[in-house]
Structures are given as C-alpha cells and as structure tokens.
Amino acid sequence: QVQLVESGGGLVQPGGSLRLSCTASGRISLIYSMGWYRQPPGKQRELVTSITNGGNTNYEDYVKGRFTIARKNAKNTGYLQMNSLKPEDTAVYYCNAIMGQIGDQRNNYWGQGTKVKVSS
C-alpha cells in the first residue's frame with residue numbers, strides 16, 4: 001500500500017525555521033508531482049507549493065522568498081524548508097503527491113498532516 005508520512009512540525013519562534021519531510025512508501029512506480037498544503041486554524045486548506053517530476057516549482061505569493069520545496073527521488077522523499085516564519089504560518093501542513101502504484105493507476109495521495117505553530 002502506498003503511503004505518505006510527514007514529519008518535522010513543531011513549535012518555533014517568529015523568524016525561525018523548520019524543515020518538513022514527506023516520505024512515500026510502498027510499491028511506487030513513479031511520483032509525478034509533490035506538493036504542500038496547509039490549513040490554518042479556522043480556515044480552509046490552501047496550496048503552498050508544488051514540484052513536478054521534472055523539477056519545476058511553483059510557490060504561492062505569500063511564501064515566495066521564504067519557503068523552498070525540494071525532492072530526492074531515490075528516497076521518495078520531499079522537503080519543505082521554511083524560513084522567516086510568521087505567526088500566520090501556523091497551520092497543519094499536509095504533503096500531497098500524485099503517484100503511480102505498481103500494478104495500479106496513478107492516484108492522488110495525502111499525508112496525515114504535521115502541526116506547525118509559530119509563536120513566542
């Protein structure tokens with residue numbers, strides 16, 4: 001069974017940094033794309049950034065210059081480096097991936113989420 005697991009969340013002071021990891025496991029044929037979403041308290045889930053299999057990246061305006069997405073295909077792992085964190089970055093962060101499973105069609109997968117809280 002294909003699965004995504006996020007890690008790296010926690011409590012950080014404003015201006016600090018965190019690096020989130022997203023690891024895919026299972027009988028994976030190909031990870032077509034990976035992305036990060038977040039859901040602040042009391043708000044809807046929103047896209048943060050994404051990266052394609054070819055390495056093309058997209059960032060929402062509110063994280064440009066602060067967040068960086070990367071992936072290591074050999075380990076089926078994606079990363080979100082978060083710098084200059086602000087209180088408004090507080091949210092549950094979710095990893096998303098479009099992946100092909102061996103013997104099955106490609107599907108959209110979600111991790112369980114990891115909590116990030118930015119406060120002093």
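Put simply, the side chain of Glu60 does not reach to within 4.5 Å of the side chain of Val48, judged on heavy atoms. Counting heavy atoms from C-beta on, the side chains of Arg106 and Gln101 never come closer than 4.5 Å. A 4.5 Å side-chain heavy-atom check between Met99 and Ser33 finds every atom pair outside the cut-off. Leu4 places none of its side-chain heavy atoms less than 4.5 Å from the side chain of Thr23. When side chains are defined from C-beta on, Thr68 does not count as touching Tyr79, because their heavy atoms never get closer than 4.5 Å.
In this structure, Trp36 is a member of the same hydrophobic cluster as Val118, with clusters built from ILVMFWY side-chain heavy atoms closer than 4.5 Å. Linking ILVMFWY side-chain heavy atoms closer than 4.5 Å, directly or via other members, places Leu20 and Val12 in a single hydrophobic cluster. Linking Ile, Leu, Val, Met, Phe, Trp and Tyr residues whenever their side-chain heavy atoms come within less than 4.5 Å leaves Leu47 and Tyr32 in two separate clusters. Hydrophobic clustering places Met82 together with Tyr59 (ILVMFWY residues linked when any side-chain heavy atoms are closer than 4.5 Å, directly or through intermediates).
Across Asn83, Leu85, Thr49, a single residue satisfies side-chain contact (heavy atoms from CB on, under 4.5 Å) together with Phe67, and that is Leu85. Checked options Leu11, Leu18, Leu80, Val92; the residue passing with Val116 is Leu18 (criterion: side-chain contact (heavy atoms from CB on, under 4.5 Å)).
Within a 6.0 Å sphere centred on CD of Gln39, other residues, nucleotides and ligands contribute more than 12 heavy atoms.
Between Ser84 and Ser17, the shortest heavy-atom contact is N-OG, 4.3 Å. Contact record, Pro41 with Ala91: CD-CA, 4.4 Å, taken as the closest heavy-atom pair. Counting all heavy atoms, side chain and backbone alike, Ala97 lies closest to Ile31 at CB-CG2, 4.4 Å.
Between the Arg71 side chain and the Thr52 main chain, a donor and an acceptor come within less than 3.5 Å of each other. Put simply, the side chain of Gln112 never gets that close to the backbone of Val5: no donor and acceptor are under 3.5 Å apart. The backbone N or O of Glu88 lies less than 3.5 Å from no partner atom in the side chain of Thr90, so there is not a single donor-acceptor pair. Formation of a donor-acceptor pair under 3.5 Å by the Gln13 side chain with backbone atoms of Ser120 is not found in this model. The closest donor-acceptor contact from the side chain of Asn96 to the backbone of Tyr109 lies under 3.5 Å. Between the side chain of Arg27 and the main chain of Ile102, a donor-acceptor pair closer than 3.5 Å is present. Side-chain atoms of Ser29 come within 3.5 Å of backbone N or O of Gly100 as a donor-acceptor pair.
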Before you tell me yes or no, could you show the steps for Leu30 and Asn53 under side chain to side chain contact (heavy atoms under 4.5 Å, CB included), namely the whole-Å CA-CA distance, both residues' side-chain angles and the distance that decides it to 0.1 Å? CA-CA 9 Å; Leu30 180 66; Asn53 189 52; 3.9 Å; yes
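Rounding to the nearest 0.5 Å places OG of Ser25 at 8.5 Å from CG of Asn76. Between the CD atom in Gln44 and the CD atom in Glu46 there is a gap of 9.5 Å [rounded to 0.5 Å]. Between atom OG of residue Ser21 and atom CD of residue Glu6 there is a gap of 10.0 Å, rounded to the nearest 0.5 Å.
If you look at Trp110 and Tyr37, their ring centroids are closer than 6.0 Å.
Using a 4.0 Å cut-off between charged side-chain N and carboxylate O, Asp89 and Arg38 make a salt bridge.
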